[in-house]
Amino acid sequence: MTFSEILDRVGSMGPFQYLHVTLLAIPVLGIANHNLLQIFTATTPAHQCRPPPNASTGPWVLPLGPDGKPEKCLRFMHLPNASLPNDTQGATEPCLNGWIYNSTRDTIVTEWDLVCSSKKLKEMAQSIFMAGILVGGPVFGELSDRFGRKPILTWSYLLLAVSGSGAAFSPSLLVYMIFRFLCGCSISGISLSTVILNVEWVPTWMRAISSTTIGYCYTTGQFVLSGLAYAIPQWRWLQLTTSVPFFIFSLLSWWVPESIRWLVLSGKFSKALKTLQRVATFNGKKEEGEKLTIEELKYSLQKDIASAKVKYGLSDLFRVSILRHMTLCLSLAWFSTGFAYYSLAMGVEEFGVNIYILQIIFGGVDIPAKFITILSISYLGRRITQGFLLLLAGGAILALIFVSSEMTLVKTALAVFGKGCLSGSFSCLFLYTSELYPTVLRQTGMGISNVWARVGSMIAPLVKITGEVHLFIPNVIYGISALLGGSAAFFLPETLNQPLPETIEDIQNRHQQVKKTKQEPEAEKASQTIPLKTGVSDPS
C-alpha cells in the first residue's frame, strides 16, 4: 500500500482538503500585498526644488533640462527676476532646501526625499526586500526540514506580522529597510511551507487545481492592494493594514496538519497516525481511520523511512547527474521568471497610465493567464507549458524595444501580455518543481529554486539603472533572460499524471524508464528495416 492509497482511505478529496487549501490560500492574498507594496508606498510624484527661505515672492523660475521641461533636481543659484524668460541661462545648484511634491499621496519617497541623487535608494529598498526573500529561502528550507512544515509556517506568519508592523513605525529609511528585509525572509517561509503542505495533502489529479487556486488568491491580492492603496494614501497606514491580518493567520495555522511524510521521516509514527485519523474523522471516514495501524503506515512509507537514515543536503542536488541536470534547468527557469516578472510588475509608473487602474489590469490578466495555464499543464503537460510561457514573455518584452514612448496603449498591452505569461510561469513552476524533486530533497530543491527566483527579482530593479546609458538596454536583458529560461525548460522531464517521487532512486528509475521508452520505437524501426541483397542493383 502506498501513501496515495492511505490518503484515499481517509479521504483524498473531502471536506478536510477543501478547508486545508482554503486556510493555505487566504494568507496568499496578503503575500501579494507585501510583494508589490512599494508600487504605492514608494511612488515618485512630480517634484521640483523648494525655493530658498530668502527667495522673492514672485514666480519661481527653474532651469530647463535637455527635454525642454523644468529641471527636477537643479535650481538657479540666484533667483532670476520674474520678468526674465524661463530659458534664462545661469549658474545652477542642487535642491539645497528640499523639494516640493505635486501629490496628495504620502510615500517613503516624499518623507525621506528619495529623488535626484537619492533616487537609487528607492530601488535599493525594494532590492533589500527581495534579498530578504533570497536569504529566507535556504534558511527556512533547512528549518522546515528540521522542525517541520507547520511550525515554520506559523512562525513565518508571525514574523511577517511583527516586521511588517514595525516597518510602518520606522523612524528612518535604514530601520524601514531592516524591517522590510525581515518581511522578505518571512514570505519565503510562508511560500515554501504552503507549497509543500498543499501538494502532500491532495491527490495527484488535484494538485494542478489546488495550486492554481492558491495562485488565484495571489491575483486577487493584487486587486485588494489597488483598492487599499486608493483608500489609504498614507504609506504608514497602508503598511500596517497589510501586516496586521497575519497575526490572525498565525493563530488559524494551528489547525493546519503537519506533513505526514515529514512526521514519518522524523520517526513520529504515533503523531502521523493520529493526524490521519483526525483527517478521516473530518472527512466522514472515522471507521477507516481507526483501522489504520502504525505498521501499515511504516510499510507504505518504507522507502521514506529507509532514506531517512541517510542525510541529504544541497550537495546531493549536484552529486546525482539527473538531479544536477534538473537543478540547473530549473534554476535558470526560476531566475528568468523572477527577473522578468518584477521588471514589469514594479514598473507600473513607467507606462504613463494611472497606477491604480494599471495595477488592476496587471492583476486581472492573471485570471485568464492562470486558467489557460491550468488547462495547459493538465492536458499538454508541465514541460511544454513552462517552456512556451517564458518564450512568449521574452518575446513580448523584446517587442517593447520597438514601440515608441508615445504609443502607450501598445506598450501597456505588451507589458500586460508579458506579465500574464510570467504569472502563469510562476504557477507552473511551483507545481512542476515540487513534482520533480523527491520527498527527501523536495524542500531543499524548492529552497534553492526560490533562491534563484529571488536573485532575479532582487537584481531586476538595479538593472533599470542601465537605462541611463540607453533606454532599450534593460528590456534586452530582461527579454533574453526569459528566452533562455524557456529554452532550458524543454530539457526537463515531464511529470504529468506521475506520482510524487519519494527517493533519489525513484527519480533515477523514472529517468531510465523514459530513456527505455524512447529507445524501443527506434529499435523496433531498425528491426523492420529490410537490407538490400548484395549484387541487386537499384531499380531507379
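Separation of atoms CD1 (Ile377) and SG (Cys428) is listed at 5.5 Å; rounding is to 0.5 Å. Atoms CG and CG, on Leu436 and Leu431 in that order, are 9.5 Å from each other to the nearest 0.5 Å. Rounding to the nearest 0.5 angstrom, the gap separating the CG atom in Asn198 from the CD atom in Gln17 is 10.5 Å. Interatomic distance, CG of Leu252 versus CG of Leu24, reported as 11.5 Å (0.5 Å rounding). Between atom CG of residue Leu414 and atom CZ of residue Phe417 there is a gap of 9.0 Å, rounded to the nearest 0.5 Å. Atoms CG and CD1, from Leu153 and Ile196 in turn, are 12.0 Å apart once rounded to the nearest 0.5 Å.
Counting all heavy atoms, side chain and backbone alike, Ala489 lies closest to Gln386 at CB-CG, 3.7 Å. Taking every heavy atom of both residues into account, Pro257 and His20 meet most closely at CD-ND1, 3.7 Å. Residues Leu182 and Leu159 come closest through the heavy atom pair O-CD2, 4.0 Å. Contact between Asp366 and Ser423 at its shortest, heavy atoms only, is OD1-OG, 2.7 Å.
Counting non-hydrogen atoms of neighbouring residues, nucleotides and ligands closer than 6.0 angstrom, the CG atom of Leu409 reaches no more than 12 such neighbours. Taking a 6.0 Å sphere around OH of Tyr230, one finds it holds 12 or fewer heavy atoms contributed by other residues, nucleotides or ligands. Counted within 6.0 Å of CH2 on Trp255, heavy atoms from surrounding residues, nucleotides or ligands total more than 12; the atom is thus considered enclosed. Around atom CZ of Phe223, more than 12 heavy atoms belonging to other residues, nucleotides or ligands sit under 6.0 Å away.
Note on residues 172-226: no pairs pass disulfide (SG to SG under 2.5 Å), not counting sequence neighbours. Applying the salt bridge (charged side-chain N to carboxylate O under 4.0 Å, His left out) test to residues at least two apart or on different chains, none of the pairs has a partner in residues 477-486.
Applying the ring pair (Phe, Tyr, Trp, His ring centres under 6.0 Å) rule to Tyr437 yields no partners; only residues at least two apart in sequence or on another chain are considered. For Leu143, the side chain to side chain contact (heavy atoms under 4.5 Å, CB included) partners at least two apart in sequence or on another chain are Val139, Phe140, Phe147, Ile152. Looking at residues two or more places apart in sequence or on another chain, you find no side chain to side chain donor-acceptor pair (under 3.5 Å) involving Ser481. Taking Tyr218 as the reference, nothing meets the ring pair (Phe, Tyr, Trp, His ring centres under 6.0 Å) condition, with sequence neighbours excluded.
Taking the six-membered ring wherever Trp is involved, the centroid distance between the rings of Trp235 and Trp112 falls below 6.0 Å. Residues Phe339 and Trp452 place their aromatic rings such that the two centres sit no closer than 6.0 Å. Taking the six-membered ring for Trp and the full ring otherwise, Trp334 and Phe430 have centroids separated by under 6.0 Å. Aromatic ring centres of Phe129 and Phe181: separated by at least 6.0 Å.
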| request: Tell me, with the steps shown, if Thr154 and Trp254 meet side chain to side chain contact (heavy atoms under 4.5 Å, CB included). | output: CA-CA 7 Å; Thr154 300; Trp254 286 104; 3.9 Å; yes
| task | Tell me, with the steps shown, if Glu111 and Leu173 meet side chain to side chain contact (heavy atoms under 4.5 Å, CB included). | result | CA-CA 9 Å; Glu111 179 160 342; Leu173 179 62; over 6 Å; no
| task | Decide side chain to side chain contact (heavy atoms under 4.5 Å, CB included) for Ser336 and Leu390; before the verdict, give the C-alpha distance in whole Å, the side-chain angles of both, and the deciding distance to 0.1 Å. | result | CA-CA 8 Å; Ser336 58; Leu390 282 174; 3.8 Å; yes
| request: Evaluate side-chain hydrogen bond (donor to acceptor under 3.5 Å, both in side chains) for Ser186 paired with Ser156, printing each intermediate quantity in order. | output: CA-CA 5 Å; Ser186 61; Ser156 295; over 6 Å; no
| task | Apply side chain to side chain contact (heavy atoms under 4.5 Å, CB included) to the pair Gln126 and Arg180, showing each step before the final yes or no. | result | CA-CA 8 Å; Gln126 179 65 18; Arg180 285 285 286 168; 3.9 Å; yes
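Side chain to side chain, Thr41 and Gln239 fail the donor-acceptor criterion of an N or O pair below 3.5 Å. Side-chain contact check for Thr373 and Ser427: no donor-acceptor pair (N or O, by modelled atom type) lies under 3.5 Å. Between the side chains of Asp113 and Tyr101, a donor-acceptor pair is found at a separation under 3.5 Å. A donor atom on one side chain and an acceptor atom on the other are found under 3.5 Å apart for Thr219 and Lys370. In this model, no donor atom of one side chain and acceptor atom of the other lie less than 3.5 Å apart for Ser193 and Lys150.
Panel note: side chain Tyr216, backbone Phe371; a donor-acceptor pair is recorded below 3.5 Å. With hydrogens and angles disregarded, a donor-acceptor distance shorter than 3.5 Å links the side chain of Arg105 to the backbone of Ala229. Although no hydrogens or angles enter the test, the distance criterion places no donor-acceptor pair under 3.5 Å between the side chain of Lys122 and the main chain of Val115. Between the side chain of Tyr341 and the main chain of Phe426, no donor-acceptor pair closer than 3.5 Å is present. No donor-acceptor pair under 3.5 Å is formed between the side chain of Arg149 and the backbone N or O of Leu197. Side chain of Thr22 to backbone of Tyr18: a donor-acceptor contact under 3.5 angstrom is found. At distances below 3.5 Å, at least one donor-acceptor pair connects side-chain atoms of Ser127 with backbone N or O atoms of Met458. Remark: the backbone N or O of Val109 is paired with a side-chain donor or acceptor of Thr107 at under 3.5 angstrom.
Put simply, the residue from Phe247, Phe246, Phe179 that forms a side chain to side chain contact (heavy atoms under 4.5 Å, CB included) with Ser165 is Phe247. A side chain to side chain contact (heavy atoms under 4.5 Å, CB included) with His34 is found for one member of Ile190, Ile133, Leu225, Leu160 and no other, namely Leu160.
Contact annotation: the side chain of Leu429 approaches that of Leu330 to within less than 4.5 Å [non-hydrogen atoms, C-beta and beyond]. A heavy-atom distance below 4.5 Å is found between the side chains of Pro151 and Glu258. In this structure, Leu391 and Leu483 have side chains that are in contact, with non-hydrogen atoms separated by less than 4.5 Å. Using a 4.5 Å heavy-atom cutoff, the side chains of Leu462 and Lys120 are not in contact. For the pair Asn35 and Tyr342, the minimum side-chain heavy-atom distance is below 4.5 Å.
At a threshold of 4.0 Å, the pair Asp106-Arg236 does not count as salt-bridged, since none of the basic side-chain nitrogens sits closer than that to a carboxylate oxygen. Comment: Glu435 engages Arg382 in a salt bridge, judged by a side-chain N to carboxylate O separation of less than 4.0 angstrom.
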